[in-house]
Amino acid sequence: MRSAPRTEHVVQEAYVMSRDYIRYVTGRAAKAAPTVTAAALRHAGDDLLAKYPIFFKRWPRVFKAISSDNACDYLFNILDQHFQPDKPWQKKELTWSGILSIYVLAGQLAIHCQSHGMECVLEELEVRVGEYMEAKVCPGIREKG
């Protein structure tokens with residue numbers, strides 16, 4: 001089955017949210033979010049980081065092994081491992097908090113890249129997180145509504 005065309009609303013929104021959130025956390029976003037869902041993501045991401053700072057403080061240590069050549073692939077390997085079902089025949093349900101964590105973790109990687117002189121990764125990260133969401137998350141959203 002081919003992936004959904006980017007003209008589909010849920011897919012477009014995934015890309016808009018990816019671009020906006022990464023730009024937001026790295027201080028490169030417009031003041032106002034471009035959509036209501038992007039605004040909700042900004043708020044939820046800020047809230048998550050404020051409520052669970054200990055969880056997110058460990059990521060800079062995890063990201064030490066990355067370079068501008070492997071940053072995106074490194075992130076997607078982490079995400080794929082995390083969202084893989086316990087048993088091969090099971091289907092792991094992706095919750096809204098799981099979807100939020102994808103964007104927030106991508107944002108944390110973007111901040112790490114920006115602070116370590118790898119700004120060249122940021123645009124690629126924006127696009128590739130959108131592609132990841134299109135491939136891994138949007139089908140489930142379409143299925144469940």
Side-chain angles (χ1 to χ4, degrees), residues 1-85 91-145:
M1 185 173 141
R2 286 182 54 215
S3 64
R6 290 188 182 164
T7 57
E8 183 183 358
H9 181 72
V10 69
V11 173
Q12 283 180 333
E13 199 63 38
Y15 281 91
V16 167
M17 290 168 57
S18 172
R19 183 175 47 255
D20 179 68
Y21 188 72
I22 290 170
R23 289 179 182 181
Y24 171 70
V25 299
T26 57
R28 302 174 305 121
K31 205 164 201 168
T35 65
V36 174
T37 52
L41 175 59
R42 287 180 179 192
H43 177 74
D46 289 347
D47 194 44
L48 186 67
L49 291 166
K51 285 184 179 176
Y52 304 102
I54 298 219
F55 175 75
F56 292 100
K57 286 185 188 209
R58 75 182 186 104
W59 288 109
R61 283 180 276 134
V62 173
F63 293 150
K64 279 186 181 180
I66 69 155
S67 68
S68 59
D69 294 332
N70 71 358
C72 293
D73 292 332
Y74 195 89
L75 172 66
F76 302 129
N77 285 334
I78 291 170
L79 292 173
D80 285 343
Q81 288 174 18
H82 179 73
F83 293 113
Q84 189 171 12
K91 184 177 179 186
K92 187 149 187 178
E93 293 296 319
L94 190 58
T95 62
W96 288 113
S97 63
I99 293 169
L100 173 62
S101 69
I102 292 170
Y103 285 111
V104 172
L105 187 55
Q108 294 299 293
L109 176 60
I111 292 167
H112 176 82
C113 289
Q114 185 180 48
S115 67
H116 287 84
M118 294 183 273
E119 291 89 356
C120 60
V121 173
L122 300 180
E123 281 189 39
E124 178 187 5
L125 186 61
E126 292 170 11
V127 171
R128 295 216 26 221
V129 169
E131 291 171 348
Y132 185 88
M133 298 301 285
E134 179 179 11
K136 305 279 182 154
V137 176
C138 290
I141 293 173
R142 255 187 248 107
E143 183 181 299
K144 295 199 187 275

- Item | Side chain Tyr24, main chain Ala33, donor-acceptor under 3.5 Å | no
- Query: Are any of the side-chain heavy atoms of Gln108 and Leu49 separated by less than 4.5 Å?
  - Reply: yes
- Task: Begin with the C-alpha distance, continue with both residues' side-chain angles, and end with the deciding distance and a verdict on side chain to side chain contact (heavy atoms under 4.5 Å, CB included) for Ile22 and Tyr103.
- Result: CA-CA 8 Å; Ile22 290 170; Tyr103 285 111; over 6 Å; no
- Item | Cys113 versus Ile66, closest heavy-atom pair with distance | SG-CD1, 3.8 Å
- Which value, rounded to the nearest 0.5 Å, describes the distance between His9 atom NE2 and Thr37 atom OG1? 6.0 Å
- What heavy-atom pair brings Ser97 and Thr95 nearest, and what distance separates the two atoms? OG-OG1, 3.0 Å
- Query: Is there a salt bridge (charged side-chain N to carboxylate O under 4.0 Å, His left out) between Arg28 and Glu119 once you walk through the steps?
  - Reply: CA-CA 11 Å; Arg28 302 174 305 121; Glu119 291 89 356; over 6 Å; no
- Task: Apply side chain to side chain contact (heavy atoms under 4.5 Å, CB included) to the pair Asp69 and Tyr74, showing each step before the final yes or no.
- Result: CA-CA 10 Å; Asp69 294 332; Tyr74 195 89; over 6 Å; no
- Query: For the residue pair His112 and Phe63, does the interplanar ring angle fall in the parallel (under 30°), tilted (30 to 60°) or perpendicular (over 60°) class?
  - Reply: tilted
- Does CD in Glu123 sit with more than 12 non-hydrogen atoms of other residues, nucleotides or ligands closer than 6.0 Å? no
- Task: For residues Tyr15 and Glu131, determine if any side-chain heavy atom of one lies less than 4.5 Å from a side-chain heavy atom of the other.
- Result: yes
- Item | Separation of His116 NE2 from Ser67 OG (nearest 0.5 Å) | 13.0 Å
- Roughly how far, to the nearest 0.5 Å, is the CZ atom of Arg128 from the OG atom of Ser18? 11.5 Å
- Note on the structure: Between Leu79 and Tyr132, the two heavy atoms sitting closest are CB-OH, 3.3 Å
- Note on the structure: Residue pairs meeting salt bridge (charged side-chain N to carboxylate O under 4.0 Å, His left out), one or both in residues 36-53, sequence neighbours left out, come to Asp20-Arg42, Asp47-Lys51
- Within the side chain of Asn77, is there an N or O that forms a donor-acceptor pair under 3.5 Å with the backbone of Asp73? yes
- Message: The test is side chain to side chain contact (heavy atoms under 4.5 Å, CB included); show your working for Met17 and Met133 and say whether it passes.
- Response: CA-CA 10 Å; Met17 290 168 57; Met133 298 301 285; over 6 Å; no
- Task: Measure across Leu125 and Leu75 and return the closest heavy-atom pair with its distance rounded to 0.1 Å.
- Result: CD1-CD2, 3.8 Å
- Indicate the atoms forming the closest heavy-atom contact of Leu122 with Ala110, along with that distance. CD2-O, 3.5 Å
- Are side-chain heavy atoms of Phe76 and Ile102 found at a separation under 4.5 Å? no
- Is there a donor-acceptor contact under 3.5 Å from the side chain of Ser101 to the main chain of Gly98? yes
- Might you point out which heavy atoms bring Val104 and Gly45 nearest each other, and give the distance in Å? CG2-CA, 3.8 Å
